[in-house]
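Notes follow once the structure below has been shown.
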Amino acid sequence: MTTVAADEIALRKADVLARIAEAALRRGRQPADISLMAVTKGHSVETVANAARAGLMLFGENRVAEGAAKIEALRANFPGLTWRLIGPLQTNKAKTALQYFSAVESLDRERLAVRLERLLSEEGRALSVLLEVNLGKEQSKSGVLPEEAAHLFEAVLGCPHLEARGLMAVPPFDPDPETARPYFRHLAEVRDRIAKEFARPLPELSMGMSHDFAVAVEEGATEVRIGTALFGPRAAE
């Protein structure tokens, strides 16, 4: 893996934050209300350390094992980092995920909610979660279908140790960021319907990646998940 230098990450971070601010202000939003998550899948521990040196504090990992290894390697020198799981979670890896991640942003089925609830109740603690919605109904992607999201939210409400704070989605990929706009808008509409139906606030919308995050911010994203724009392409790409 190639190591990306801290000063290079700092420059890229500044550019991303400027673009977030511009998109937010176009919609009369406050830039401070949008979180920048650095997605470190496929990047080295040293690159992540350099990201921390560049001032990034919120990190997302797609795989439990890869994330756990990085967290173990970095926690002594960078104890203030926040790590969230953003990739599919198998129920048999739920216990390990709870050891390392402060939130699961990819809750997509009732069985996983029940498993997390059981583990959390044993530990006597709560976990913040986002429900992942498969907006494009793609078989290759995880996520609850939009029309079934309310049912999953109701199931999560029955799990007192889970705190559902919003929705997450990855639209079908298209290099034109405008193509993602209807999907981002749809996710916000699904969120609003669920919040109204259950009279519960769902403040978080995690949507937007390196090629389309400005559009996502315009459509209400509260968190954007950025990898390539901060670190360059992964070695496998």
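As the structure is a prediction and not an experimental result, all values here were calculated from the model.
Applying the side-chain contact (heavy atoms from CB on, under 4.5 Å) test to S210 and every residue at least two apart in sequence or in another chain returns I226, T228, A229. Not counting sequence neighbours, the partners of R75 by the side chain to side chain donor-acceptor pair (under 3.5 Å) test are E72. Residues meeting the salt bridge (charged side-chain N to carboxylate O under 4.0 Å, His left out) test with R165, sequence neighbours left out: E163, E204. With sequence neighbours excluded, no residue forms a salt bridge (charged side-chain N to carboxylate O under 4.0 Å, His left out) with E22.
With a 4.5 Å cut-off on side-chain heavy atoms, R29 and V217 count as touching. With a 4.5 Å cut-off on side-chain heavy atoms, R185 and R181 count as touching.
The environment of NZ in K141 is crowded: more than 12 heavy-atom neighbours from other residues, nucleotides or ligands sit within 6.0 Å.
Using a 4.0 Å cut-off between charged side-chain N and carboxylate O, E147 and K137 make a salt bridge. Between E66 and K41, none of the side-chain N atoms (NZ, or NE/NH1/NH2) sits under 4.0 Å from a carboxylate O, so this pair counts as no salt bridge. Look at R200 and E154 and you find no salt bridge, because none of the NZ, NE, NH1 or NH2 atoms lies under 4.0 Å from a carboxylate O. Under the 4.0 Å criterion applied to side-chain N and carboxylate O atoms, E122 and R118 are not assigned as salt-bridge partners.
Members clustered with L145: none, using a 4.5 Å side-chain heavy-atom cutoff among hydrophobic residues.
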Residue pair S35, E223: steps toward the side-chain hydrogen bond (donor to acceptor under 3.5 Å, both in side chains) verdict: CA-CA 5 Å; S35 298; E223 174 187 88; 5.6 Å; no
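Listed by first then second residue, pairs satisfying ring-ring contact (aromatic ring centres under 6.0 Å, His included) with a partner in residues 204-233 read H43-F231, F173-H211, not counting sequence neighbours.
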